[in-house]
Amino acid sequence: DNFTQVLERASKSASDVSTSANEILVASEQMASGATQQDQEITNTSSAVEELTVSMKQVSNNAEASAEGARAALEAVSQAREELAATSGRFGIDLRPLDASVTTTFVFRWDEQGRRILRLKARAKAIALEDVPRDLRSSDPIVFGTIARELSDSLLAGETAPVTVLAAQGLLRAWDADGTVRPRPWENAARTVARVSAVVVSDDDVAGDLSLPARWSADGPVVLTLAERGSRLYEHGRVTAELSAYRPAAVADTTGAGDAVAAGLAIALAEGRALPDACRFANAVASFALEGPGIEPLAPREAVEARLAR
């Protein structure tokens, strides 16, 4: 019996040792698996750190490129401002630019029908009455120019100059999310037209709807420019004069011709000319604007009067 008990105890001890060995083996395998997993996690972490380092370097490079682009843009704006100031000075124009983060900028293309398709890339903040230096307020005459609704109501309502002409192009524009410019109804047209001496719009601005200038003219004179056909004067809801264009020496650039009409109209009205005569003078002024880019081709008074007399 004692021998049997000894054998049983020996067998049990052997079984316990076997079980312990199995447990040790399983634990060892788990430790090995854990070590492998940890090694993989370390490898993954290392890869992530490397990827993050590359991304940070790319961000840094992009930031440097953006900063360089911003510096180049500022230099271009500064140079353009200096050139414009120099050109304006030759014409006796006192240039007063306003500081802004962007200036109103368009890109354009021509479609199959020869129509200009505009896209708005950037829009300057609206000019308010308080932005205008006091020594420039209520001068005689004033032209309000807008290409993307940059004139505030305070400016239009606060100026009390004897002669004010509004180039209303920008008030008739809206733009989609991608910047594509399209016509829009002129909100508060009656109130705005009544505030100024005359309004200048083009047939392109009204998208060919000639009922619009007729309707607006119920509250004040409206001059519709018609490119090479001259201009049309609307008063009291109807056409009161058709004014022929003056032939330029050459047509190099049509940009700004409508603004030249507005400026010529304001000068002529300030000198006391009647509206039809003022429109003729404005057409003569604008004919010179077609002969080159920018304001360089604008002519002195003697040349304008000579073209009027032809």
Side-chain angles (χ1 to χ4, degrees), residues 80 83-93 95 106-111 113-118 141-147 163 165-170 172-173 197-208 210 213 221-234 239-271 273-310:
E83 292 175 354
L84 181 57
T87 303
S88 299
R90 290 199 298 273
F91 285 91
I93 299 172
L95 183 66
F106 292 94
V107 295
F108 67 88
R109 62 178 176 84
W110 302 97
D111 66 9
Q113 287 75 42
R115 294 173 300 187
R116 187 174 64 171
I117 307 300
L118 289 173
I142 287 178
V143 174
F144 295 116
T146 170
I147 55 176
V163 173
V165 174
L166 170 63
Q169 182 182 69
L172 304 173
R173 285 175 170 171
S197 304
V199 170
V200 175
V201 294
S202 71
D203 55 348
D204 186 57
D205 295 334
V206 299
L210 301 185
V222 176
V223 178
L224 179 72
T225 62
L226 301 167
E228 70 279 359
R229 291 173 290 154
S231 61
R232 182 176 297 153
L233 175 61
Y234 290 82
V239 177
T240 57
E242 298 276 357
L243 299 311
S244 299
Y246 291 86
R247 185 182 298 276
V251 177
D253 187 359
T254 61
T255 304
D259 298 319
V261 168
L265 182 65
I267 291 170
L269 290 175
E271 293 174 347
R273 300 188 188 218
L275 267 168
D277 288 338
C279 289
R280 293 187 186 92
F281 182 86
N283 286 353
V285 171
S287 68
F288 288 96
L290 302 173
E291 296 177 3
I295 63 176
E296 287 289 353
L298 294 180
R301 170 63 68 105
E302 296 77 13
V304 175
E305 295 290 356
R307 188 162 286 183
L308 270 171
R310 287 194 320 201

Participant: Any side-chain heavy atom of Ser231 sitting closer than 4.5 Å to one from Val261?
Facilitator: no

Participant: Can you measure from CZ (Phe281) to CG (Leu243) and round to the nearest 0.5 angstrom?
Facilitator: 13.5 Å

Participant: Between the main-chain N or O of Leu224 and the side-chain N or O of Asp203, is there a donor-acceptor pair closer than 3.5 Å?
Facilitator: no

Participant: Nearest heavy-atom pair of Ser197 and Val163: which atoms, and what distance?
Facilitator: OG-CA, 3.4 Å

Participant: For the residue pair Arg273 and Ala278, what are the closest heavy atoms and their distance?
Facilitator: CB-N, 4.2 Å

Participant: Val201 and side-chain contact (heavy atoms from CB on, under 4.5 Å): which partner among Thr225, Val223, Leu172?
Facilitator: Leu172

Participant: Closest approach of Asp259 and Ala167, non-hydrogen atoms and distance?
Facilitator: OD1-CB, 4.0 Å

Participant: Can you tell me how far CD of Gln169 sits from CG of Asp205, rounded to the nearest 0.5 angstrom?
Facilitator: 4.5 Å

Participant: Closest approach of Ala257 and Ala286, non-hydrogen atoms and distance?
Facilitator: O-CB, 3.7 Å

Participant: What I'd like to find out is whether the side chain of Pro141 reaches to under 4.5 Å of the side chain of Val165, using heavy atoms alone.
Facilitator: no

Participant: Which heavy atom of Val143 sits nearest a heavy atom of Ala262, and at what distance?
Facilitator: CG2-O, 3.8 Å

Participant: Could you give the distance from CD (Glu242) to CG (Leu233), rounded to the nearest 0.5 Å?
Facilitator: 9.5 Å

Participant: Kindly compute the distance separating OG1 (Thr255) from CZ (Phe106), expressed to the nearest 0.5 Å.
Facilitator: 12.0 Å

Participant: Show the nearest heavy-atom pair for residues Ala284 and Val304, with the distance to one decimal.
Facilitator: CB-CG1, 3.9 Å

Participant: Can you tell me how far CZ of Arg173 sits from OG1 of Thr146, rounded to the nearest 0.5 angstrom?
Facilitator: 8.5 Å

Participant: Measure the shortest side-chain to side-chain distance between Glu228 and Val251 over non-hydrogen atoms and say whether it is less than 4.5 angstrom.
Facilitator: no

Participant: Any chance you could measure Arg280, atom CZ, to Leu275, atom CG, to the nearest 0.5 Å?
Facilitator: 11.0 Å

